[in-house]
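In what follows, a structure is listed as structure tokens, so that the remarks can point back to it.
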Number of protein chains: 2
Amino acid sequence: MLTRKEELTEALIGYLLTHGLSDLSLRPLAAELGTSARLLIYHFGSKEGLLAAAMDAMHSHLRGTLQTLAENDAQEGDARVLRQFWDWAVAAENFSYLKLLYELQILAARHPETYGPFWQKATAGWLELIKGLLPADKQKAAIASLPIAVFDGLFLELMSTGDRQRTTRALDYFIGLVEEVRLNRAAAANKQRQASTRKRPPPR
Amino acid sequence: MLTRKEELTEALIGYLLTHGLSDLSLRPLAAELGTSARLLIYHFGSKEGLLAAAMDAMHSHLRGTLQTLAENDAQEGDARVLRQFWDWAVAAENFSYLKLLYELQILAARHPETYGPFWQKATAGWLELIKGLLPADKQKAAIASLPIAVFDGLFLELMSTGDRQRTTRALDYFIGLVEEVRLNRAAAANKQRQASTRKRPPPR
DNA sequence: CGTTACATGTAACGATCGTTACATGTCAAC
DNA sequence: GTTGACATGTAACGATCGTTACATGTAACG
């Protein structure tokens, strides 16, 4: 059975997803949750404790759904994983979560003391998860940063413009770029291998 | 000579650049500017008018420095323009401006009524400017979105992590990708042209 | 000198903020 | 039945918010 604090936390997440966290205020929140500011403080200790509880719950939720996504996509070890992740992110039930995460990131950049720990906790885990999806030779920091940045930038634009079609096409264009380079390099390596002596086995 | 409102606006921008605009408050602002909340309202009419004046001034400033950048780079019509733009953006005197713009973008996504017009005005002009730097065949919306998204995503990461080296390398990696594809396509087109009959002139 | 427009200072208004003091209800356990 | 832990309601505290009323200064112009 859920304790009162836990069900409040769930409702609280729903509220944050639609109202954001930059201008969170206890009394309007309490009104919408059918409780009082007094009780929110009672259960969470303070506004900061309330935020911490919400972020923790949000973090585990995201981690959970991302984990299943990673397991399902483990076999498709390509740049297309990025597309799968994008489809997951723009799904209605996940979109608000990510929107909140980006808001948190901006807040953390401006107020590291207050929001920095929340953002670190929220992203540390899932960035590792994304890197885990990349092929081993792509895990060098700078190279791994690029697909993440593409995702971030396009999601940011989707948030602002709502233009899902254009942002999705831009992502596909990026994936196409990466694929094209991969194929060209493979072809070039193949040709060079044929031209060389056959004593050495082909590089792995 | 500067009117009082104009010099207040300049000082105001400096304040916004370091303190952000999500938690702007008149009295601390006035204290740092050596004036009073009373006078800020007197000069700008309201807090919103104050924001509008600051955003207008910021917008013209950005527009000015971007214009000269565009003119200097006009000859280098390549993906490398993106790198020039990046160097401009991470320069100390411009970095805070862009940081503020991204904060504005997030705020606008959450409160379109309040911040939406500011963000539109700030970005509408300069996105056109970026598109103008791209070669004509790259101006299709989805394709133009990609370099912008790369820039946005990397800048966001730079804001959060401060890791200039990694983000810059990631950008160079992206530029390298685009260049590689461009060269491969040119080579392929060249080969095909040589193999075909010579009756038709090469496609432009 | 008087008038007029602009600038500034003091103080307060009503609203909202996070938080707390204090009292009361609920309900299971002993 | 009493005790005790948890939950809740009412009301207020002090702080800060954007904004305003009212009075005063300043300086140019007639």
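We name chains A, B, ... by the order of the sequence lines, and we start the count at 1 in each one. The basis for the numbers below is simple: all heavy atoms, side chains too, and nothing from hydrogens, waters or symmetry mates.
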*Could you go step by step and tell me if B:Asp23 and A:Arg110 meet the salt bridge (Lys or Arg N to Asp or Glu O under 4.0 Å) rule?*
CA-CA 10 Å; B:Asp23 50 357; A:Arg110 190 69 74 178; over 6 Å; no
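- In this structure, the helix from C:dC1-D:dG30 to C:dC30-D:dG1 shows an angle of 20° between the axis at its start and the axis at its end, each fitted on 5 base pairs and rounded to 10°.
- Taking the nucleotide of DNA chain D with the nearest heavy atom to each of A:Arg27 and A:Ser36, the more 5' of the two is matched to A:Ser36.
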*Begin with the C-alpha distance, continue with both residues' side-chain angles, and end with the deciding distance and a verdict on side chain to side chain contact (heavy atoms under 4.5 Å, CB included) for A:Leu51 and A:Phe44.*
CA-CA 9 Å; A:Leu51 268 185; A:Phe44 297 98; over 6 Å; no
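- A parallel orientation is assigned to the rings of A:His19 and A:Tyr15, their planes being inclined by less than 30° (bins at 30° and 60°).
- Contact annotation for A:Leu24: backbone-only contact, meaning every heavy-atom pair under 4.0 Å involves sugar-phosphate atoms and none involves a base.
- If A:Gly45 and A:Pro28 are placed on DNA chain C by their nearest nucleotide, the residue sitting closer to the 5' end is A:Pro28.
- Contacts of A:Thr35 with the nucleic acid, taken as non-hydrogen atoms under 4.0 Å apart, are absent.
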*Can you check side chain to side chain contact (heavy atoms under 4.5 Å, CB included) on A:Asp163 and A:Glu157, steps first, answer last?*
CA-CA 8 Å; A:Asp163 194 336; A:Glu157 183 167 343; over 6 Å; no
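- Scanning DNA chain C 5' to 3' for nucleotides with an atom closer than 4.0 angstrom to a non-hydrogen atom of chain A gives a first and last hit of C:dC17 to C:dC22.
- In this structure, A:Val150 and B:Leu146 approach most closely via the heavy-atom pair CG1-CD1, 4.0 Å.
- Here the side chains of A:Leu107 and A:Thr114 are not in contact, with every heavy-atom distance at 4.5 Å or above.
- Here the side chains of B:Arg4 and B:Leu39 are not in contact, with every heavy-atom distance at 4.5 Å or above.
- Between A:Trp86 and A:Phe155, the two ring planes are perpendicular [angle over 60°; tilted spans 30° to 60°].
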